[in-house]
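This report refers to the structure that appears directly beneath it.
First listed ligand is number 1; within each ligand, the first listed atom is number 1. Quick note: residue numbers are just sequence positions, from 1.
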Amino acid sequence: MEEKKKRIFSGIQPSGELTLGSYIGAIRNWVALQNEYDCLFCIVDEHAITVRQEPALLRKRSIAQLAQYIACGLDPEKNIMFIQSHVPQHAELAWILGCYTQFGELSRMTQFKAKSAQHADNITAGLFTYPVLMAADILLYQADLVPVGEDQKQHVELTRDIAQRFNGVYSDTFVLPEPFIPKLGARLMSLDDPTTKMSKSMPEGCVNLMDPPEVIMKKFKRAVTDCETAVKFDKVNKPGISNLLTIYCAATGKTMAEAEAAFAGQGYGVFKPAVGEAVVELLRPIREEAERIVTDKAYLESVYKTGAQRAQYLANKTLSKVQRKIGFVAR
Ligand code: TRP
């Protein structure tokens, strides 16, 4: 008998442009996983509204993000690709799971602490309960593995705790998910400040997937380095150059030793534009394809509608089971 494929769930917020960091750190790995696993890839718009969004922009970005997922090589036939708010079971399960999550647990989430410091004038209940919604995303589909960056590991661990608690009270209901941190998932740092993560919330040092070549080149030429001259990987003393080397390797497939050798004896004036060129070539086909797909509204609509239907089918199975177990009257 054929072994059942493991299930994967992951998502990205449409709260800004997709970045080179999200491509190299996440989406490119998803593409590699889509044949071996049973995958759901979500556009988590309900997460995005935990901080204030411009409505027209949120709508536009949600659709553009789907086009970009496809342009990166995610196949809507192989994967379930959908928009979170199209599957109401996420919000429903989140309410229920919130009643099995401690206030203290949510208070300890480092991302909550960071984001509430960043948005001190708008610390909403949604921002606080965000990890519960994320737990619902994952548990609804009985996901085995959740590809995430280091910064989301704590949320996946909380998801496990909630699932385990629920299973303990009501008997086995949820699969316990595991964070899946890909070995090749290079973490890119800001070009502006190589000690902080490249992030859409800091657009200055961030390369976007859809940036045209001249913008990419400009960002790399301006990248912060150090006052030495050697192109050498040394994270502690040369964070800027190390980050550029990491990006160069990720874009070209070269090893670190090959990259260092290629630029031995050459200054940063040669190295920085070379990294820019490598990124331009990596992103060119993706940008061109995404620009083409995004104009095909009918196609995109058919993808997200089919995705939502398929997701709802799976989500409903879990939600009904949960509702029955906790004592809700069957509809
Ligand atoms: N919280 C994640 C982030 O900001 C996005 C996300 C929401 C997610 N739900 C998820 C990731 C479920 C993995 C699984 O990056």
Side-chain angles (χ1 to χ4, degrees), residues 6-19 21-30 33 37-51 53 58 61-62 65-66 69 74 79-87 89-94 97-98 101 106 109-116 118-119 124 126-163 174-182 185 187-188 197-202 206 307 311 314-315 318:
K6 286 204 172 172
R7 183 163 293 156
I8 281 186
F9 184 99
S10 200
I12 298 179
Q13 302 187 39
S15 55
E17 297 287 316
L18 286 180
T19 68
S22 43
Y23 178 61
I24 288 174
I27 303 170
R28 190 160 76 168
N29 295 307
W30 299 355
L33 297 169
Y37 296 89
D38 183 10
C39 303
L40 295 105
F41 297 119
C42 191
I43 293 158
V44 288
D45 55 348
E46 291 173 328
H47 277 88
I49 62 161
T50 54
V51 302
Q53 301 293 330
L58 179 62
R61 280 174 175 156
S62 300
Q65 191 167 312
L66 180 64
Y69 277 0
L74 292 175
N79 309 295
I80 300 182
M81 293 160 66
F82 69 106
I83 299 173
Q84 187 182 29
S85 63
H86 291 182
V87 180
Q89 288 83 356
H90 289 246
E92 271 190 270
L93 182 63
L97 296 180
T101 307
L106 293 177
M109 294 294 117
T110 47
Q111 191 175 55
F112 171 70
K113 290 189 222 168
K115 284 207 179 180
S116 51
Q118 239 176 54
H119 303 273
T124 65
L127 189 65
F128 187 66
T129 57
Y130 165 123
V132 180
L133 179 59
M134 182 160 160
D137 298 342
I138 297 166
L139 299 178
L140 261 182
Y141 302 101
Q142 309 287 359
D144 301 285
L145 301 170
V146 184
V148 285
E150 275 297 330
D151 62 322
Q152 295 297 315
K153 219 172 139 187
Q154 195 184 28
H155 293 158
V156 181
E157 275 153 15
L158 176 68
T159 301
R160 277 178 76 88
D161 292 343
I162 297 171
F174 296 121
V175 168
L176 299 186
E178 277 180 51
F180 188 62
I181 302 193
R187 188 170 121 103
L188 306 190
K197 186 180 153 185
M198 181 182 285
S199 150
K200 56 195 165 197
S201 58
M202 308 216 313
C206 176
L314 298 173
T318 305

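The proximity of Gln13 to ligand 1, defined as any non-hydrogen pair under 4.0 Å, is limited to the side chain. Only the side chain of Val148 comes within contact range of ligand 1, with a heavy atom under 4.0 Å; no backbone atom does.
Interface atoms of ligand 1 facing Val146, defined by a heavy-atom separation under 4.0 Å, are 13 (C), 14 (C).
The closest side-chain donor-acceptor pair between His90 and Glu46, if any, does not fall under 3.5 angstrom.
For the pair Pro177 and Leu139, the tightest heavy-atom approach, listed with the atom from each and the gap, is CD-CD2, 4.0 Å. The heavy-atom pair separating Val146 from Ile138 by the smallest distance is CG2-CG2, 3.7 Å.
When each of Phe41, Phe82, Trp30 is checked for a ring pair (Phe, Tyr, Trp, His ring centres under 6.0 Å) with Tyr69, only Trp30 meets the rule.
Checked for salt-bridge contact, Asp144 and Arg7 miss the test: no charged N lies under 4.0 Å from a carboxylate O.
Considering backbone and side-chain atoms alike, Ser10 places every N or O at 3.5 Å or more from each N or O of ligand 1.
The closest non-hydrogen atom to atom 1 (N) of ligand 1, taken over Phe41, Phe9, Tyr130, comes from Tyr130.
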Evaluate ring pair (Phe, Tyr, Trp, His ring centres under 6.0 Å) for His155 paired with Phe112, printing each intermediate quantity in order. CA-CA 10 Å; His155 293 158; Phe112 171 70; over 10 Å; no
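For atom 5 (C) of ligand 1, the nearest non-hydrogen atom of the protein is Gly11 O, 3.6 Å. Looking from atom 9 (N) of ligand 1 to the surrounding protein, the closest heavy atom is Asp137 OD2, 2.7 Å. Remark: minimum distance from atom 2 (C) of ligand 1 to any protein heavy atom is reached at Gln152 OE1, 3.4 Å.
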